[in-house]
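Take a look at the structure set out below.
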Protein chains: 2
Amino acid sequence: MRKKRTNDPEGMRRRVLDVAEDSFQARGYHASSLGDLMAAAGVTGGALHHHFPTKKALALAVIEERVAAAVQETWIEPVRAAPSAREGVRAVFEAVAAELEQQGYVRGCPLNNLAHELSLADADFRLALADIFAGWRLAIADKVRADQEAGGEGETDPDRFAALAVAAYSGAMSMAKTAQDASVLRECLEGLESVEPPSSQNGSVARRRRRVLRRQTIC
Amino acid sequence: MRKKRTNDPEGMRRRVLDVAEDSFQARGYHASSLGDLMAAAGVTGGALHHHFPTKKALALAVIEERVAAAVQETWIEPVRAAPSAREGVRAVFEAVAAELEQQGYVRGCPLNNLAHELSLADADFRLALADIFAGWRLAIADKVRADQEAGGEGETDPDRFAALAVAAYSGAMSMAKTAQDASVLRECLEGLESVEPPSSQNGSVARRRRRVLRRQTIC
DNA sequence: TCCAAAACAGGATGATCATCCTGTTTATAA
DNA sequence: TTATAAACAGGATGATCATCCTGTTTTGGA
């Protein structure tokens, strides 16, 4: 006897998403062929088509499940857990810069990578990506508001700060990817840190440092 | 008689570059087929192949001639002509935001669009794009240094400020494109403006405003 | 005038790719 | 056990695409 097959729909779907997430990040959507993905994931055309009827459906799943999760893990959760919005932002910048430096290459932010390639191509793509950006900004702005209610963080406009933090990070990653050099991330962080430093009353929240643990994906 | 042909190599090359620049901006590199470009430019396969042997050669020409020129016209020249680096940066942000708002849609920054799609795909692409980013940042940093030698702009680090300005703009355009809403540009500008305001000694250079005239392309 | 090179025309080609289709196997529920 | 649907296999298909090739026309210099 030679044939045994174990149906494992969740596992197969996960393997396809793993490979697609990686390939979209490294090569982009259009440059990733389903044939390559099938080979890399070790799945057949029938299986792929069963779980993802079209390439668009696959990309949408990558965006909604993987890219959104990467932003959540890399940015939203660390910022929420940080002692303040500013320290959270700084910690993420530094953690990502450190990871990129030891990694030796820069593949960029998966959200921005796909956003640039797909936003104008398809409305569904665009809306899914816009939602992730919105959630990212909202998390930072909410953290600033929480800081303010706790007495810290003077007159900083929360939405303004959040937009600038996300924009500076996105743009810095764009340059880091193009230059294949992560140092611009630190440069931008230093520029950001001189934005309205939290007045002069740095009380209890001030001098603490913390580490960011997660590092599996970079966003 | 029916046949007359006038050789116009420069014109034909220009028309191809016009169409390619527009299509790369709207659809991206991989999603732009040479067939579509030929049809849109009204050139034959032979003519296209004569001027640009490969698609890569065409894209490289678009990057080096068109994208670089767009950055030059939209950013470098206005900043150089501005009364100060800060006012130049502000003027460009506002000019682009105004143009996008009246235009009703956002196609993004051509440099960042191509940088995200092509930086990891090919070393020649990446280096050409990195050069443009470097020139952009250098122009802003040089302007800050000039401001400082002229007595204004206190202790701002020129390279830091330039990196943050370019990153904030690039990231803001990325979000504006994804949300199809230019307002985030203004939000980020307001955040930027609170970065180390030029000490308190705002003398002669302070309260002047100026307009940016060019607006043909957006970068 | 003549000739060589540049400029252009237009089709051929081979490769690639996303989708679809027809089967077969495995799981589930009755 | 049996029926039904889900899960998977693997090839077919038609369309698309970048490149190349052979040929013709135009241009500019000798």
Side-chain angles (χ1 to χ4, degrees), chain A residues 1-24 26-63 65 114 117-118 121-122 124-125, chain B residues 1-24 26-63 65 114 117-118 121-122 124-125:
Chain A
M1 62 184 57
R2 185 54 48 90
K3 2 194 96 173
K4 259 302 166 47
R5 202 183 78 194
T6 318
N7 281 5
D8 179 21
E10 293 101 3
M12 180 153 278
R13 200 185 121 96
R14 184 182 46 73
R15 266 160 43 206
V16 171
L17 285 177
D18 285 346
V19 167
E21 177 186 12
D22 185 75
S23 184
F24 288 169
R27 282 179 280 266
Y29 174 80
H30 287 105
S32 297
S33 82
L34 294 183
D36 292 345
L37 298 186
M38 281 163 46
V43 303
T44 64
L48 177 61
H49 183 263
H50 177 73
H51 291 281
F52 306 101
T54 63
K55 192 181 183 184
K56 170 178 170 178
L58 172 58
L60 225 37
V62 168
I63 292 171
E65 299 176 29
L114 289 180
E117 191 179 0
L118 299 179
D122 185 280
D124 295 322
F125 285 150
Chain B
M1 62 182 56
R2 186 56 49 89
K3 5 195 95 170
K4 260 302 164 48
R5 203 183 76 195
T6 318
N7 281 4
D8 179 20
E10 292 101 4
M12 179 154 279
R13 198 185 124 96
R14 183 182 48 74
R15 268 164 34 207
V16 172
L17 285 177
D18 285 345
V19 168
E21 177 186 14
D22 185 76
S23 184
F24 288 169
R27 282 177 278 263
Y29 174 80
H30 287 105
S32 297
S33 81
L34 294 184
D36 293 345
L37 298 186
M38 282 164 46
V43 303
T44 64
L48 178 61
H49 182 263
H50 176 73
H51 291 280
F52 306 101
T54 63
K55 191 181 183 183
K56 170 178 170 177
L58 172 59
L60 225 37
V62 167
I63 292 171
E65 299 176 28
L114 289 180
E117 191 179 0
L118 300 180
D122 184 281
D124 295 322
F125 285 150

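Keep in mind that what you see is a predicted model, and the values were worked out from it rather than measured. Per chain, numbering begins at 1; letters A, B, ... match sequence-line order.
The pair B:Arg14-B:Glu21 does not count as a salt bridge, with every side-chain nitrogen at least 4.0 angstrom from each carboxylate oxygen.
Scanning all heavy atoms of the two residues, the minimum distance from B:Glu117 to B:Tyr29 falls at OE1-N, 2.9 Å. In plain terms, the two heavy atoms of B:Phe24 and B:Leu114 that are nearest each other are CB-CD2, 4.2 Å.
With hydrogens and angles ignored, the 3.5 Å screen pairs no side-chain donor or acceptor of B:Arg27 with any backbone N or O of B:Ser32.
Out of D:dT27, D:dT25, C:dT19, the shortest distance to the side chain of A:Thr54 is found at C:dT19. Among the nucleotides D:dT27, C:dT26, C:dA9, the one closest to the side chain of B:Ala47 is C:dA9. For B:His50, counting side-chain heavy atoms from C-beta on, the closest listed nucleotide (D:dA18, D:dC8, C:dC8) is C:dC8. Side-chain proximity of B:Ser33 to C:dA18, D:dC17, C:dC8: nearest is D:dC17. Listed nucleotides: C:dA18, D:dA7, D:dA18. Nearest to the side chain of B:Lys55: D:dA18.
The base of D:dT26 does not come close enough to the side chain of B:Arg5 for any donor and acceptor atom to sit less than 3.5 Å apart.
In this structure, B:Leu34 atom CG and C:dG11 atom C1' are separated by 16 Å, rounded to whole Å. The distance from atom OH of A:Tyr29 to atom C1' of C:dA18 is 9 Å, rounded to the nearest whole Å. To the nearest angstrom, C1' of C:dG10 lies 9 Å from CE of B:Met38. One atom, CG of A:Asn7, and another, C1' of D:dA6, lie 8 Å apart when rounded to the nearest Å. Summarising the geometry, the separation between NE2 on A:His51 and P on D:dA9 is reported as 9 Å, rounded to the nearest angstrom. To the nearest angstrom, P of C:dC8 lies 11 Å from CG of B:Leu48. When rounded to the nearest whole Å, the span between CG of B:Asp36 and C1' of D:dA18 equals 13 Å. Separating the CE atom of B:Met12 from the P atom of C:dA6 is a distance of 17 Å, rounded to the nearest angstrom.
At a threshold of 4.0 angstrom between heavy atoms, the contacts of A:Thr44 include nucleobase atoms, whether or not backbone atoms are also involved. Using a 4.0 Å heavy-atom distance criterion, A:His49 is classed as a base contact.
Atom CG of B:Leu60 is separated from atom CG of B:Leu118 by 9.5 Å, given to the nearest 0.5 angstrom.
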